[in-house]
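Written below as structure tokens is the structure these notes are about.
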Amino acid sequence: MSSVLRDILSGPPEDAAPRLIGAHLVSDIGDKQVRIRLTEVEAYKGSDDPASHAYRGETIRNSSMFKDPGTLYVYRSYGIHWCANTAAGPPGVGWGILMRAGEIIDGKGVVIGRRGRRDSLTDGPGKLTQALGIIGDHNGLDLLDPASVVRLEPGAAPAGLVMATPRVGISRAKDIPWRFVEATSVG
DNA sequence: AGGATGATGGACT
DNA sequence: GTCCATCATCCTA
């Protein structure tokens, strides 16, 4: 049995990332379900990528990225937010995909409660994890396990094209176009 | 609409 | 001590 997502995530992150657009990131946390359709992701390629947390090799912090594809890597960003990646590629390489933004398919009321506002709910990596209730405790779980409290599921393919642009918020390898965004509307 | 800034913790030099 | 794969808020226009 091999899932579509497992096949996608088995490859290099710059190939897998655009194919993750449209997939669903689902959480069952605190007795509530939230389902978000991914619209923005970024690829990070381990030791080949100066912008990657895994650039200098495996550490306690980034070890989830070195595990099987589909392993959830959660890290604290700027001391305040949590950000979520999925490991990609074969174990040991430290490749990953940062899940940055999406649209709420189900559980919007839950998200409004968690975010404490009604707008700008899931348009950034820190916001996305807060919307889903993902925290550091969830680091290392298997996103491809249907029984996992946080998981990836296949979703509708992108309506439009997927655009590749430079990644956001990094200071090195700024020129590599490994940010992938669904081109939703014209313009 | 867009630029500046403070919050805040862990990894790294 | 410095650097962040960020966000919300507070300015100026």
Side-chain angles (χ1 to χ4, degrees), chain A residues 9 11-21 23 25 27 34 36 38-67 69-89 93-104 108 110-141 143 150 152 162-182 184-185 187:
Chain A
L9 292 174
E14 69 273 30
D15 295 339
R19 301 175 67 196
L20 230 43
I21 299 294
L25 186 56
S27 69
V34 172
I36 290 175
L38 295 176
T39 58
E40 180 183 346
V41 299
E42 286 177 359
Y44 288 89
K45 202 169 183 180
S47 57
D48 298 327
D49 181 2
S52 171
H53 288 175
Y55 183 54
R56 296 175 186 82
E58 182 172 356
T59 64
I60 301 286
R61 175 207 198 193
N62 66 23
S63 64
S64 289
M65 266 205 292
F66 288 82
K67 298 202 166 71
T71 302
L72 178 63
Y73 165 44
V74 182
Y75 69 92
R76 205 185 256 292
S77 172
Y78 294 90
I80 301 176
H81 308 101
W82 298 106
C83 292
N85 295 242
T86 173
V93 296
W95 299 346
I97 297 160
L98 171 66
M99 297 175 283
R100 289 189 58 87
E103 57 189 17
I104 300 170
K108 185 167 181 179
V110 178
V111 173
I112 290 172
R114 285 187 180 142
R115 295 273 299 118
R117 66 193 62 250
R118 308 190 70 84
D119 300 307
S120 302
L121 292 174
T122 56
D123 58 342
K127 305 178 194 182
L128 188 67
T129 53
Q130 188 182 19
L132 288 156
I134 294 171
I135 59 173
D137 292 348
H138 303 294
N139 182 47
L141 63 76
L143 291 168
V150 184
L152 281 167
V162 174
M163 317 237 21
T165 70
R167 294 171 291 183
V168 173
I170 56 170
S171 56
R172 292 178 297 180
K174 282 185 160 109
D175 47 318
I176 302 176
W178 281 354
R179 170 177 180 251
F180 301 95
V181 195
E182 179 172 28
T184 155
S185 58

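Everything quoted here is computed from the prediction, not taken from an experiment. Letters A, B, ... mirror the listed sequences (proteins, then strands); counts begin at 1.
Running 5' to 3' along DNA chain C, contacts with non-hydrogen atoms of chain A at under 4.0 Å begin and end at C:dC4 to C:dT9.
For A:Glu42, the salt bridge (Lys or Arg N to Asp or Glu O under 4.0 Å) partners at least two apart in sequence or on another chain are A:Arg100. Partners of A:Arg115 according to the side-chain hydrogen bond (donor to acceptor under 3.5 Å, both in side chains) rule, which considers only residues two or more places apart in sequence or in another chain, are A:Gln130. Applying the side-chain contact (heavy atoms from CB on, under 4.5 Å) test to A:Ser47 and every residue at least two apart in sequence or in another chain returns nothing. The salt bridge (Lys or Arg N to Asp or Glu O under 4.0 Å) check on A:Arg179 picks up A:Glu40, with sequence neighbours excluded. With sequence neighbours excluded, no residue forms a salt bridge (Lys or Arg N to Asp or Glu O under 4.0 Å) with A:Arg19. With sequence neighbours excluded, the residues forming a side-chain contact (heavy atoms from CB on, under 4.5 Å) with A:Thr129 are A:Trp82, A:Ala84, A:Ile134, listed by chain and number.
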Discussion item. Please convert DNA chain B into dot-bracket. A pair counts if it is Watson-Crick or G-U wobble with both distances under 3.5 Å; crossing pairs go in [ ] and bases paired with another strand get |.
Written reply: |||||||.||||.

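Taken residue by residue, residues 38-47 of chain A places heavy atoms nearer than 4.0 Å to DNA chain C at A:Tyr44.
Listed by first and then second residue, the salt bridge (charged side-chain N to carboxylate O under 4.0 Å, His left out) pairs involving residues 125-140 of chain A are A:Asp123-A:Lys127 (not counting sequence neighbours). Applying the salt bridge (charged side-chain N to carboxylate O under 4.0 Å, His left out) test to residues at least two apart or on different chains, the pairs with a partner in residues 165-176 of chain A are A:Asp49-A:Arg167.
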Please tabulate the protein-to-nucleotide N/O contacts below 3.5 Å involving nucleotides 10-13 of chain B, giving atom names and distances.
{"unit_1": "B:dT13", "atom_1": "OP1", "unit_2": "A:Arg56", "atom_2": "NE", "d": "3.3"}

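Closest approach of A:Met99 to A:Leu152, counting heavy atoms only: SD-CD2, 4.3 Å.
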